[in-house]
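Here is the structure we will look at, set down as structure tokens.
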Amino acid sequence: MLRSLHIENVAVIRSVDLEPGYGFSVLTGETGAGKSIIIDSINLLLGNRASRELIRSGSESATVSAVFEDLPSSVCDALHEMGFTAEDASLMLQKTIFADGRSQTRLDGRVITQSIQRQIARMLVSIHGQSDNQKLLQKKTHAELLDAYLHPAAEKVAYREAYAALRDVQKKLQATQCDESEKLRLREMLAFQIADIDALKLKPGEEEVLTAERDRLANLEQINQKADFVYRALRGAEKGSAYSLTARAGQALQSISGLIDGADELVERLEAVSSELEDIAELARAYMDDDREDPTARIDRIESRLEAISKLKRKYGESIPKILEFREQARCRLEELDFSEERLDALRAEEAALLEKATALAGRLTVLRRAAAEEIVAKVTEALSFLDMPKVRFEISILSDELRENGADDVEFMIATNPGEPLLPMIKIASGGELSRIMLALRSVLNDRDGATTVIFDEIDTGVSGKTSRKIGMMLRKAARDTQVLCVTHSAQIASLAQTHFLISKKEEKGRTETDVIELCDNERVEEVARILGGIEITDAQREAAREMIDEYVGGV
């Protein structure tokens with residue numbers, strides 16, 4: 001339930017706090033006092049479009065925050081699945097809009113996206129008013145409302161899994177069932193691509209090896225010169241090479257080894273140096289290319305090979321591994337075409353089995369929906385009779401249609417407002433006042449099924465008589481036994497039934513108009529209900545009538 005609501009710098013509201021209690025609360029006030037601003041502010045929390053025009057003149061930002069408590073376990077579980085925790089079954093939702101067009105939403109201080117905000121807010125608050133009644137006319141919402149009552153979660157999951165598998169097989173069938181000319185064209189193209197790649201006999205890493213060899217050959221003259229110099233300096237010259245000088249030094253040390261301590265160790269070290277110099281010299285000589293073939297011809301062959309690889313890269317992939325991967329995919333696709341008839345038979349059999357399964361599951365959903373529809377119709381008809389619409393016939397049409405994501409049912413609410421008239425879609429029949437009562441009747445039936453912890457009705461009494469307004473109020477108060485209900489109203493018959501009554505008014509503060517919200521005590525309630533009853537000046541008779549209306553249902557409906 002909504003424990004507290006704080007609104008700051010929204011339109012003519014500078015700062016107001018609202019703390020509706022359990023049960024049934026109403027908000028009343030003169031026209032233009034700011035009741036609609038309260039609803040607009042709550043709509044901001046629900047994720048509706050945030051307009052900079054809502055920001056109070058002279059302010060840089062506007063903020064709406066709400067604390068919700070006693071959240072049902074279903075809401076807490078849903079929050080947990082989304083990665084949030086509702087400690088003590090409570091949370092705070094806050095929306096801030098800025099003058100530069102930015103907006104920010106926080107859940108318990110954590111910034112969240114607008115998409116997540118809408119998902120969470122939908123579980124917390126449901127607003128119904130004249131504009132919301134238009135949604136009731138949209139056929140696509142009728143199936144949602146029916147399922148909101150039914151909650152066929154397990155059946156829907158089973159059906160959707162079967163339907164998704166069916167659609168996947170049907171897509172594979174469509175891809176496989178191309179005409180013969182298309183098959184032939186595709187087979188020839190795939191065979192050409194495979195042959196084109198195979199002709200080059202590619203090897204992983206080949207391109208890098210060829211590039212390195214090309215660079216070596218391009219610098220072969222310099223390599224030979226330097227390698228020859230290294231070889232001659234280290235080993236090639238008989239007397240002046242490093243190897244020969246080291247050997248001579250070793251011989252000299254060996255000749256005096258008996259005279260100097262440690263000479264033998266130095267001789268061993270020089271022998272090791274000689275061996276290392278010899279190895280280096282031989283390796284340097286190996287770098288020299290003694291092949292008599294012209295390096296230019298060899299470079300030309302490498303360049304030709306690299307160019308051929310480059311052409312394949314442009315056609316099939318950015319590297320040799322990618323080209324080979326493309327070739328494997330083409331081979332698999334060609335194999336599929338070669339065995340397309342066998343595959344078609346297998347897919348057709350799989351499609352038939354899945355179609356049978358999905359149809360059976362869709363039929364199960366239809367049975368459940370028809371049973372739920374009968375129950376809803378009976379309850380809505382009873383509620384409409386209570387709301388002075390006893391001759392209205394309400395039905396839920398469920399027609400079998402093709403399989404879709406949520407089943408095979410085409411759902412539409414039908415109504416006949418006068419005896420003898422045929423049932424027609426609601427959009428063709430219901431007036432504004434009728435829609436308000438029909439919505440309330442539906443809400444009274446669906447109230448404990450759609451999960452919202454707080455339900456707000458915005459001027460649902462528009463276009464109805466005082467007697468009917470009284471019945472609307474009685475129904476709202478009854479609904480408030482299970483769900484927190486708030487109602488913005490101009491009806492004394494409804495306002496007098498409230499368990500908590502807020503007055504929305506305007507005042508002047510420091511030369512500026514501000515909207516104020518106060519919770520009315522007993523005598524203040526009498527004055528406000530008497531004001532709503534009418535008259536330029538409030539009379540004692542009006543006060544007495546207001547007192548009687550309030551006292552009539554003290555202690556609950």
Side-chain angles (χ1 to χ4, degrees), residues 1-5 18-29 35-36 38-39 41-43 45-46 66-72 74-75 121-133 135-136 145 148-149 379-380 383-384 386-387 435-462 464 468-504 517 519-520 525 528-529 532 549-550 552-557:
M1 61 168 284
L2 176 63
R3 169 57 65 189
S4 65
L5 176 69
L18 189 71
E19 295 186 0
Y22 291 93
F24 180 36
S25 300
V26 296
L27 292 84
T28 65
K35 298 186 294 296
S36 62
I38 303 290
I39 299 300
S41 299
I42 296 174
N43 273 320
L45 285 179
L46 300 185
V67 174
F68 294 88
E69 295 182 348
D70 299 327
L71 300 179
S74 59
V75 174
R122 194 180 302 120
M123 296 185 290
L124 303 174
V125 180
S126 178
I127 297 182
H128 304 282
Q130 291 297 310
S131 60
D132 182 77
N133 286 344
K135 296 180 182 178
L136 188 61
L145 287 169
Y149 181 87
K379 291 182 178 180
V380 169
L384 288 173
F386 178 76
L387 294 173
L435 273 176
S436 294
R437 282 180 280 174
I438 293 168
M439 169 60 81
L440 179 57
L442 282 168
R443 289 302 311 168
S444 69
V445 175
L446 302 174
N447 208 37
D448 60 344
R449 300 295 183 105
D450 65 357
T453 60
T454 299
V455 181
I456 301 174
F457 291 92
D458 184 16
E459 300 186 1
I460 196 172
D461 53 281
T462 300
V464 298
T468 304
S469 292
R470 188 64 167 177
K471 290 185 174 182
I472 289 174
M474 293 165 62
M475 187 168 286
L476 290 173
R477 181 153 174 168
K478 182 179 180 181
R481 293 175 178 176
D482 302 312
T483 303
Q484 183 186 43
V485 176
L486 281 73
C487 180
V488 177
T489 182
H490 289 287
S491 168
Q493 287 79 6
I494 293 177
S496 60
L497 289 167
Q499 293 160 291
T500 307
H501 191 152
F502 295 95
L503 174 64
I504 315 297
V517 179
E519 182 178 345
L520 300 181
R525 284 194 66 197
E528 175 61 8
V529 172
I532 299 172
M549 293 172 67
I550 292 172
E552 182 180 355
Y553 284 94
V554 171
V557 177

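- Across all non-hydrogen atoms, the minimal contact from P72 to T453 is CD-CG2, 3.3 Å.
- In this structure the side chain of L2 never reaches within 4.5 angstrom of the side chain of V125, judged on heavy atoms.
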Hey, mind stepping through F502 and I38 against side chain to side chain contact (heavy atoms under 4.5 Å, CB included) and telling me if it holds? CA-CA 12 Å; F502 295 95; I38 303 290; over 6 Å; no
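- Contact between Q499 and Y22 at its shortest, heavy atoms only, is OE1-O, 4.4 Å.
- Rounding to the nearest 0.5 Å places CG of L27 at 8.0 Å from NE2 of H501.
- A distance-only check finds a donor-acceptor pair linking the side chain of S496 to the backbone of Q493 [under 3.5 Å].
- For the residue pair A495 and T28, the shortest heavy atom distance occurs at CB-CG2, 3.9 Å.
- Interatomic distance, CZ of F68 versus OG of S4, reported as 9.0 Å (0.5 Å rounding).
- L5 and A66 get closest at one heavy-atom pair: CD1-CB, 4.1 Å.
- In this structure, the side chain of R525 engages the main chain of A498 through a donor-acceptor pair within 3.5 Å.
- Shown here for M1 and P20, the closest heavy-atom pair between the two residues is CE-O, 3.9 Å.
- Looking at K478 and F386, their side chains never come closer than 4.5 Å, going by heavy atoms from C-beta outward.
- Within the model, atoms OG of S25 and CZ of R477 stand 10.5 Å from one another, a figure rounded to the nearest 0.5 Å.
- Other residues, nucleotides and ligands contribute only 12 or fewer heavy atoms inside 6.0 Å of the CD atom of E19.
- Between the side chains of R470 and S491, no donor N or O sits under 3.5 Å from an acceptor N or O.
- A side chain to side chain contact (heavy atoms under 4.5 Å, CB included) with L124 holds for exactly one of V75, L45, T454; it is V75.
- Looking only at distances, no side-chain donor or acceptor of K35 sits under 3.5 Å from a matching main-chain atom of I504.
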Going through the checks in order, is the side chain to side chain contact (heavy atoms under 4.5 Å, CB included) test met by I472 and I494? CA-CA 7 Å; I472 289 174; I494 293 177; 3.9 Å; yes
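- In plain terms, the two heavy atoms of F24 and G473 that are nearest each other are CE2-O, 4.1 Å.
- Note that the CD1 atom of I42 and the CD1 atom of I127 stand 5.5 Å from one another [nearest 0.5 Å].
- To the nearest 0.5 Å, atom CG of residue L497 and atom CD of residue E552 are 7.5 Å apart.
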